[in-house]
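Order of the sequence lines sets the chain letters (A, B, ...), proteins ahead of strands, with each chain counted from 1. The structure displayed is predicted, hence computed values, not measured ones. These values consider heavy atoms only, across backbone and side chains, with no hydrogens, waters or symmetry-generated copies.
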Amino acid sequence: MTDDERAAYTESVLLLVEAIPAGRVMAYGDVADAVGGNGPRRVGRVLSQHGGGVPWWRVVRADGTLPPSHREAAPAYYQAEGTPLATGSAGMRVDMARAGWRPGPAVLRTLPSRR
DNA sequence: GCAATGACTGGTA
DNA sequence: TTACCAGCCATTG
């Protein structure tokens, strides 16, 4: 993959994450699918490096549980935004059935890698 | 160029 | 419906 494509992919991920409404979340796999990504893990890597300027707490694992790096600060954001939560043995997780969000065509059009 | 690493997913219990 | 286990893939050292 070229540097150029990588940059477009990174930008697409960041734009998409910024487009997620407050109180809603997306799974890494959903993000990868929306931007045409090759794998979910890549989305995580992009956010770990460039996610400083976007609402990264609105991106969670497919089953609603939080990555270790999120458990610290994310819960505060969820409470503040009224994100649907559920509680499990592994601590807390997001109620994906209610909080799950999918980008519309208008949003997808703004993604470089989708254009 | 090879081996290790990670902000993950899907299937099974 | 939730929890646990093994596989995948691009990036980094």
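- The shortest heavy-atom contact between A:Tyr28 and A:Pro67 is OH-CG, 3.5 Å.
- At whole-Å resolution of the value, CE in A:Met96 and P in B:dG10 are 11 Å apart.
- Listed by first and then second residue, the side chain to side chain donor-acceptor pair (under 3.5 Å) pairs that reach into residues 45-62 of chain A are A:Trp57-A:Glu81, A:Arg58-A:Glu81, sequence neighbours excluded.
- Nearest heavy atoms, A:Pro84 versus A:Ala99: CD-CB, 3.7 Å.
- The only option from A:Ile20, A:Asp30, A:Val25 that meets the side chain to side chain contact (heavy atoms under 4.5 Å, CB included) definition with A:Val59 turns out to be A:Ile20.
- Of all the heavy atoms in A:Ala19 and A:Val107, the pair that sits closest is CB-CG1, 3.7 Å.
- In the region residues 19-32 of chain A, proximity to DNA chain C at under 4.0 angstrom, judged on heavy atoms, holds for none of the residues.
- Atom CG in A:Asp33 sits about 14 Å away from atom C1' in B:dC8, given to the nearest Å.
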Sort me out a list of protein N/O and nucleotides 8-13 of chain C N/O pairs below 3.5 Å, or just none if empty.
unit_1	atom_1	unit_2	atom_2	d
C:dT11	O4'	A:Arg45	NE	3.4

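- In this structure, CG on A:Leu108 lies 7.5 Å from CG on A:Leu16, to the nearest 0.5 angstrom.
- Residues A:Met96 and A:Gly64 come closest through the heavy atom pair CG-CA, 3.5 Å.
- Across the protein-nucleic acid pair, A:His70 atom NE2 and B:dG6 atom C1' stand 12 Å apart, rounded to whole Å.
- Nearest heavy-atom pair, A:Gly51 versus A:Leu14, reported as atom, atom and distance to 0.1 Å: CA-CD2, 4.4 Å.
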